[in-house]
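For reference, the structure discussed in these notes is given below.
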Amino acid sequence: MRATYFVIIAGPAGSGKSTLTSALSLWMHENDLDVVKVNLDPAAELLPYTPDVDVRRYVKTRDLMIEYGLGPNGALVLSVDYLINYVGELRRDIEEARGNYVIIDLPGQLEIVAFRRLGPIILSELTKGYRSAMIFVLDSKLASDASSAYASALLALSALYRVKLPMVIALNKVDLVVDYETYRKNPEALDENLFFLRMLSDYYSCVESGIKTVFIEPSINEKLCEVFKETFKEVIPVSSKDMFGVDEVYASLQRVLIGGEDFLTEEFSGKI
Ligand SMILES: Nc1nc2c(ncn2[C@@H]2O[C@H](COP(=O)(O)OP(=O)(O)O)[C@@H](O)[C@H]2O)c(=O)[nH]1
Ligand SMILES: [Mg+2]
């Protein structure tokens with residue numbers, strides 16, 4: 001029997017979660033893997049993929065806005081709270097759709113899932129009994145200089161505390177940071193233009209980060225940098241729009257889902 005793996009796509013609003021859901025599922029499909037695309041965003045209007053399982057069948061943020069006279073944020077919070085009542089139905093829909101991979105596209109606003117009480121409960125109920133990993137999607141433009149890279153890394157760290165799953169970081173929209181011609185001539189251009197990547201590379205010393213970045217105490221910068229290096233082992237530059245790096249995201253998922261120390265090692269059961 002083929003195993004089923006859950007992949008949860010998290011990240012700040014607009015980082016490209018839905019676009020990556022589309023790109024990764026397309027890549028998997030092209031590589032003969034059965035994939036179930038789950039839209040868990042009750043406020044989604046237009047999606048760049050056709051969901052196989054859709055939370056909007058049960059809860060629609062727009063309906064709650066009208067029914068309770070709420071603004072979009074209040075209605076979104078309420079709709080995620082409502083979702084807890086439909087976890088059983090969603091699990092049934094997912095199991096009926098049958099796939100080797102289940103990709104869950106989370107709502108646009110990270111804080112609603114990661115920092116409110118019910119988000120992590122819904123996710124753990126949905127994935128109970130299945131090996132699962134989270135892809136944390138970041139916008140590369142917000143990871144290019146030191147302060148934004150630190151802020152993004154801390155965001156990823158806090159998501160890790162809430163959704164306690166092995167994590168792959170997808171540094172999305174690299175097409176906006178380095179053009180492919182430059183990258184082809186000089187692959188180092190990604191490191192040069194993305195402090196987030198440079199900081200985590202083997203050649204970068206955190207002492208340097210302590211000295212060069214000036215926004216907090218140098219010693220704190222240095223310690224945080226060490227923590228990031230220890231924590232984030234799988235960081236993949238991606239352009240979901242251009243399908244760049246999507247194969248690397250898959251390889252990274254394989255490592256955390258199947259090759260990780262926390263899991264029993266088993267032969268990958270897909271068709272590749
Ligand atoms: N240039 C570029 N734009 C992207 C990429 N991925 C997503 N986008 C755009 O970023 C915006 C937000 O993407 P979306 O997937 O809806 O973000 P979400 O809120 O995290 O689900 C959309 O306009 C996408 O077309 C990418 O790799 N490169
Ligand atoms: Mg989305």
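Just so you know, ligand 1 is whichever comes first in the structure, and atom 1 is the first atom listed for that ligand.
- From the protein, the heavy atom lying nearest to atom 25 (O) of ligand 1 is T19 OG1, 4.3 Å.
- No donor-acceptor pair under 3.5 Å is formed between the side chain of N186 and the backbone N or O of T182.
- Of all the atoms in ligand 1, the ones that sit under 4.0 Å from a non-hydrogen atom of L176 are 1 (N).
- Under a 4.0 Å heavy-atom criterion, S15 is in contact with ligand 1.
- In terms of polar-atom proximity, K241 is counted as a contact of ligand 1, with an N or O under 3.5 Å from an N or O of the ligand.
- Judged purely by atom type and a 3.5 angstrom limit, K229 uses its side chain to pair as donor or acceptor with the backbone of Y204.
- Under the 4.0 Å distance rule, the nearest protein heavy atom to atom 8 (N) of ligand 1 falls inside the cut-off.
- Although no hydrogens or angles enter the test, the distance criterion places no donor-acceptor pair under 3.5 Å between the side chain of Y130 and the main chain of T4.
- When distances to the Mg ion (ligand 2) are checked against a cut-off of 2.8 Å, S18 contributes an N, O or S atom below that limit.
- Distances from atom 5 (C) of ligand 1 to the protein include at least one heavy-atom value under 4.0 Å.
- A salt bridge links E45 with R62: the distance from a Lys NZ or Arg NE/NH1/NH2 to an Asp or Glu carboxylate oxygen falls below 4.0 Å.
- Taking a cut-off of under 4.0 Å to the non-hydrogen atoms of G16, the atoms of ligand 1 that pass are 7 (C), 13 (O), 14 (P), 15 (O), 17 (O), 18 (P), 20 (O).
- Taking a cutoff of 4.0 Å between a charged side-chain nitrogen and a carboxylate oxygen, R57 and D93 qualify as a salt bridge.
- Considering backbone and side-chain atoms alike, D242 places every N or O at 3.5 Å or more from each N or O of ligand 1.
- Between Y68 and Y82, the two ring planes are perpendicular [angle over 60°; tilted spans 30° to 60°].
- With a heavy-atom cut-off of 4.0 Å, N172 touches ligand 1 through its side chain alone.
- Backbone and side-chain nitrogen or oxygen atoms of G14 are examined, and one is located within less than 3.5 angstrom of a nitrogen or oxygen of ligand 1.
- Among all non-hydrogen protein atoms, the one lying nearest atom 18 (P) of ligand 1 is K17 N, 3.5 Å.
- N172 places none of its side-chain heavy atoms less than 4.5 Å from the side chain of D139.
- Considering only heavy atoms from C-beta on, F232 comes within 4.5 Å of L157 through its side chain.
- Remark: minimum distance from atom 27 (O) of ligand 1 to any protein heavy atom is reached at S240 N, 3.0 Å.
- For E192 and R198, the salt-bridge test fails: no basic side-chain N is under 4.0 Å from an acidic carboxylate O.
- Considering backbone and side-chain N/O atoms, A13 never comes within less than 3.5 Å of an N/O atom of ligand 1.
- Scanning the protein for heavy atoms near atom 11 (C) of ligand 1, the closest one is K173 NZ, 4.1 Å.
- There is a side-chain donor-acceptor pair under 3.5 Å between N39 and D54.
- Of the protein's non-hydrogen atoms, S18 CB, 4.2 Å is the one closest to atom 16 (O) of ligand 1.
- Of the protein's non-hydrogen atoms, the one nearest atom 1 (N) of ligand 1 is D175 OD2, 2.8 Å.
- Using modelled atom types and a 3.5 Å distance limit, the side chains of D242 and Y180 yield a donor-acceptor pair.
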